[in-house]
Amino acid sequence: MPELPEVEVVRRGLVPAVTGAHVAAVTVHDQRSLTRHTGGAADFESALTGTDLVCAARRGKFLWLPIAGVARAVVGHLGMSGQILLREAGAPPERFERIRIDLAHPDHGELAMIFADQRTFGSLAIDTLVPTADGAPGGCGDAASLVPTQVAHIARDVLDPAFDDRGFRAQLARKDSAVKRVLLDQTVVSGIGNIYADEALWAARVHPETPARSLSTRTVNALLAQIRLVLEKALAEGGTSFDAQYVNVNGQAGYFAHSLNAYGRTGQPCPRCGRPIVRVSFMNRSSHFCPRCQRLTR
DNA sequence: GGAATAACCTGGATGC
DNA sequence: TGCATCCAGGTTATTC
């Protein structure tokens with residue numbers, strides 16, 4: 001499942017290919033991958049064809065490619081199973097290929113940038129760039145203080161230099177909800193999904209259903225530190241791949257699945273105390289935690 | 001206004 | 001072997 005580390009791996013892979021690239025052609029195979037685009041497939045194809053791309057930027061799980069000369073960008077979200085792959089021009093169709101963007105790069109020649117998505121939760125769109133509310137750069141990879149309108153309501157992620165630690169603590173102090181629910185709320189902190197929420201809570205020894213406002217400042221600081229550690233470690237290992245659901249732009253899997261301590265380890269011993277990791281239903285999904293290390297305190 | 005829940009989606013795994 | 005059901009989860013609309 002693409003969360004911040006996986007999306008950042010994709011962004012880094014895209015940078016050399018899209019920076020300064022010319023969009024030679026666009027082919028939409030499946031309209032469902034344009035759910036965030038308001039104009040339909042023909043509009044997407046015509047609006048993007050013939051433009052030049054500036055760079056690859058990211059905030060949380062959202063990616064965008066600013067278009068040269070206009071305040072617009074191609075915005076992408078990988079959803080559950082989305083992939084952005086770079087292939088040679090004219091490469092055969094990928095399994096679950098939804099959109100193909102043919103690029104002509106001054107240094108790398110012709111490339112195919114392919115958006116593939118099995119479950120079609122992800123999408124691409126062309127969106128307007130607007131100034132950021134805090135005047136800081138819109139996201140990782142772009143110095144401009146601009147962000148797509150679809151991303152403007154998303155909070156910064158914890159690896160963003162402009163992330164507001166104090167504001168994060170203040171938001172938690174106002175929330176009655178379970179801390180895990182708050183971590184998954186992209187308007188509070190972006191980039192964290194089910195996997196890294198479970199891992200960070202395990203590392204900080206916090207029960208996922210602990211009311212956010214009941215956490216001490218010390219515990220929130222520790223949690224914040226563990227979120228950063230987990231995300232940075234996952235990024236260093238190329239992200240988490242359980243199957244073919246997540247790969248980088250070259251189709252290669254990440255290795256962080258081997259470093260997971262809680263997520264997906266139901267019944268296996270906690271690496272810290274040896275007690276079996278438990279799985280409970282939470283928000284239409286699963287929470288994994290150690291019942292001994294992560295005691296529920298209200 | 002804040003919080004909780006359902007729906008969207010599809011292929012693999014599992015059970016019968 | 002084949003069919004039915006369950007499960008995975010990010011985002012958003014809807015409901016409470």
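A, B, ... follow the sequence lines: proteins, then strands. Residue 1 opens every chain.
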Between [N] and [X], is there an OP1 or OP2 to side-chain N/O distance shorter than 4.0 Å?
X        : N      : value
A:His153 : C:dT11 : no
A:Ser286 : C:dA8  : yes
A:Arg181 : B:dA4  : yes
A:His77  : C:dT11 : yes
A:Lys61  : C:dT11 : yes

Review point. Looking at side-chain heavy atoms only, is the closest gap between A:Pro271 and A:Arg265 below 4.5 Å?
Key: yes
Practice item. Measure the shortest side-chain to side-chain distance between A:Phe163 and A:Arg228 over non-hydrogen atoms and say whether it is less than 4.5 angstrom. Key: yes
Nearest-nucleotide pick for [X], side chain only, options being [options]:
X        : options               : answer
A:Leu184 : C:dG10, B:dA3, C:dA8  : C:dG10
A:Ser177 : B:dA4, C:dC7, C:dT11  : B:dA4
A:Phe96  : C:dT12, C:dA8, B:dG11 : B:dG11
A:Asn194 : C:dG10, C:dT12, B:dA3 : C:dG10
A:Glu3   : B:dA3, C:dG10, C:dT12 : C:dG10
A:Gln186 : C:dT11, B:dC9, B:dA3  : C:dT11
A:Gln118 : C:dT11, B:dA3, B:dG11 : B:dG11

Taking [atom1] from [X] and [atom2] from [N], how many angstroms apart are they, rounded to a whole number?
X        : N      : atom1 : atom2 : result
A:Gln171 : B:dG2  : CD    : P     : 10 Å
A:Arg285 : B:dC9  : CZ    : C1'   : 13 Å
A:Met283 : B:dA6  : CE    : P     : 12 Å
A:Arg98  : B:dC9  : CZ    : P     : 12 Å
A:Ile192 : C:dT11 : CD1   : C1'   : 16 Å
A:Arg213 : B:dG2  : CZ    : C1'   : 12 Å
A:Lys180 : B:dA4  : NZ    : C1'   : 16 Å
A:Arg279 : C:dC6  : CZ    : C1'   : 11 Å

Exercise for review: Hey, which sits more toward the 5' end of DNA chain B by its nearest nucleotide, A:Arg95 or A:Lys175?
Suggested key: A:Lys175
Point to revise | Salt bridge present between A:Arg213 and A:Asp176 (N-O < 4.0 angstrom) | key: yes
Exercise for review: Identify whether any heavy atom of A:Asp117 sits under 4.0 Å from a base atom; if not, whether one sits that close to sugar-phosphate; answer base, sugar-phosphate or nothing.
Suggested key: nothing
Exercise for review: Would you mind classifying the nucleic acid contact of A:Thr35 as base, sugar-phosphate or nothing, using non-hydrogen atoms under 4.0 angstrom?
Suggested key: nothing
Study note, to complete from the structure: Between A:Lys180 and the options A:Asn194, A:Thr210, A:Asp185, the side chain to side chain donor-acceptor pair (under 3.5 Å) test singles out A:Asn194
Check your understanding: For residues 45-76 of chain A, which residue pairs qualify under ring-ring contact (aromatic ring centres under 6.0 Å, His included), counting only residues two or more places apart or in two chains?
Key -> A:Phe62-A:His77
Review point. Who passes side-chain contact (heavy atoms from CB on, under 4.5 Å) against A:Ala125, sequence neighbours left out?
Key: A:Arg36, A:His37, A:Gln150
